[in-house]
Amino acid sequence: GLTRQTCRFNLLDMANFGGADHVLPFFEAVHRAPLSIPYYTRVVRESALSAGGSAGALTMLTAQRMGAGVRRNLLGDPNQTELDASKEPDALVNAVEAVHRTAGEPMTPVQRAALVRRVAQVPSAVAQPAAFLLLVEMKALRWRERAFGRLSGHDLNALFLKLLKPEVLTGGELDEEVVRLMAAVDLRYLLVGAIDLALAVDRAAEILGASRSADFASVEIETPLGWICLGGNGRDTYAAKRPYLLIVDVGGDDVYHGGGAT
């Protein structure tokens, strides 16, 4: 006896069972109009397929589906300032200096001189996108600090390690500390940094792909925020225990034991 107009969940009836803090907009949409589910499915599929070649587009699409949509490239490239800076002379050295300043540990003249010598062998086709990514990373870090601004005094590293444990998501009651974390984090701020980084990865891949550089000896640079590793065409190994800030590797039979982080 249902019609197209009545074949839906009554949201007033559903309200009698209580709500939830983390329900996605999709949930209400498909309950208001269940017969539209095939249409919604096509939209999600086609959107994902069209965005599939871009880390930035996929990240923005995911943000929309999470109910925290952030469109960073509506009015141009949000990373244009960093891109322009990466084309300046000594851009890679300047970017590493920016990492030290962000960490509150400025480089000494002696450290800078040693860095200039070390990166001299890096081809510009690698140095420029590496500098670009580092500068965007520092911007993303500031967005992450804003996102976690209400969690001052918490051990964020311990919280992150807790989130990696499967039982937090699959077993029993959700950990109360995790619940407070979910309520305190500004997800949109976090996504702004993530989207800027993803868009920067897209651009860096374009730059690296358009200019295949000659081989060079791999360069490793330690910073207060982690290691920068620029790998040539040789066989490079990236250890699991080492904290990486950036890895740019142009080729070779490499071994990755780690590399991902927040």
Side-chain angles (χ1 to χ4, degrees), residues 1-79 140 143-151 154 156 159-203 205 260-262:
L2 294 174
T3 68
R4 292 188 66 84
Q5 288 70 39
T6 60
C7 182
R8 66 191 61 222
F9 290 85
N10 187 316
L11 298 183
L12 294 177
D13 289 344
M14 291 177 63
N16 289 320
F17 296 94
D21 292 332
H22 303 289
V23 172
L24 298 177
F26 238 29
F27 180 87
E28 186 170 323
V30 299
H31 281 76
R32 281 181 178 272
L35 297 181
S36 295
I37 289 176
Y39 166 74
Y40 285 133
T41 303
R42 286 196 301 274
V43 169
V44 171
R45 181 189 65 206
E46 291 166 5
S47 298
L49 287 174
S50 64
S54 164
L58 281 172
T59 308
M60 285 187 282
L61 176 64
T62 303
Q64 292 169 7
R65 296 306 174 208
M66 291 168 63
V70 179
R71 179 77 180 272
R72 290 292 286 166
N73 57 358
L74 184 63
L75 301 176
D77 187 347
N79 298 321
W143 283 111
R144 190 180 77 166
E145 289 171 349
R146 292 187 184 104
F148 288 100
R150 288 177 286 188
L151 285 163
H154 287 256
L156 293 182
L159 273 173
F160 173 65
L161 293 175
K162 180 179 286 188
L163 288 174
L164 294 180
K165 296 178 180 178
E167 60 268 22
V168 171
L169 300 177
T170 60
E173 296 183 4
L174 198 59
D175 186 282
E176 283 301 316
E177 194 173 22
V178 175
V179 173
R180 290 193 293 272
L181 172 69
M182 292 168 69
V185 172
D186 189 313
L187 186 59
R188 283 183 172 84
Y189 276 162
L190 201 60
L191 283 165
V192 167
I195 290 168
D196 284 359
L197 270 178
L199 290 170
V201 168
D202 288 338
R203 178 61 67 92
T262 63

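Bear in mind the structure is a predicted one, so any value in this text is a computation, not a measurement. Just so you know, these numbers use all the heavy atoms, side chains as well, and skip hydrogens, waters and symmetry mates. In this chain, residues are counted from 1 in sequence order.
The distance from the CG atom of L197 to the CH2 atom of W143 is 12.5 Å, given to the nearest 0.5 Å. Atom-to-atom distance recorded for C7:SG and L35:CG is 4.0 Å, nearest 0.5 angstrom. In this structure, the separation between CG on L156 and CG on L163 is 10.5 Å, given to the nearest 0.5 Å. Separation of atoms CG (L190) and CD (E145) is listed at 12.0 Å; rounding is to 0.5 Å. To the nearest 0.5 angstrom, M66 atom CE is 10.0 Å from R188 atom CZ. Remark: E46 CD to L49 CG distance equals 8.0 Å, nearest 0.5 Å.
Using a 4.5 Å cut-off on side-chain heavy atoms (C-beta onward), N73 and M60 make contact. Looking at heavy atoms from C-beta onward, L161 lies in side-chain contact with L164 at the 4.5 angstrom threshold. Inter-residue side-chain proximity for V178 and K162 is flagged as met; some heavy-atom pair is nearer than 4.5 Å.
Closest heavy-atom contact between L187 and A68: CD2-CB, 4.0 Å. Contact record, L191 with A63: CD1-CB, 3.8 Å, taken as the closest heavy-atom pair. What you find for P78 and L199 is that their closest heavy atoms are CG-CD1, 3.8 Å.
With no hydrogens or angles considered, no side-chain donor-acceptor pair links R8 and N10 at under 3.5 Å.
Within a 6.0 Å radius of CZ in F9, no more than 12 heavy atoms belonging to other residues, nucleotides or ligands are found.
Remark: of the listed residues D202, D196, D77, D196 is the sole one forming a salt bridge (Lys or Arg N to Asp or Glu O under 4.0 Å) with R72.
Listed for the T6 side chain is no donor-acceptor partner under 3.5 Å among the backbone atoms of L2.
Within the structure, no pair that satisfies the ring pair (Phe, Tyr, Trp, His ring centres under 6.0 Å) test touches residues 45-66, not counting sequence neighbours. Screening residues 27-39 for salt bridge (charged side-chain N to carboxylate O under 4.0 Å, His left out), with sequence neighbours left out, gives E28-R32.
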Check residues 36-45 and write down every donor-acceptor pair under 3.5 Å in which the side-chain atom is one partner and the other belongs to a residue at least two apart or another chain.
unit_1 : atom_1 : unit_2 : atom_2 : d
T41    : OG1    : I37    : O      : 2.8

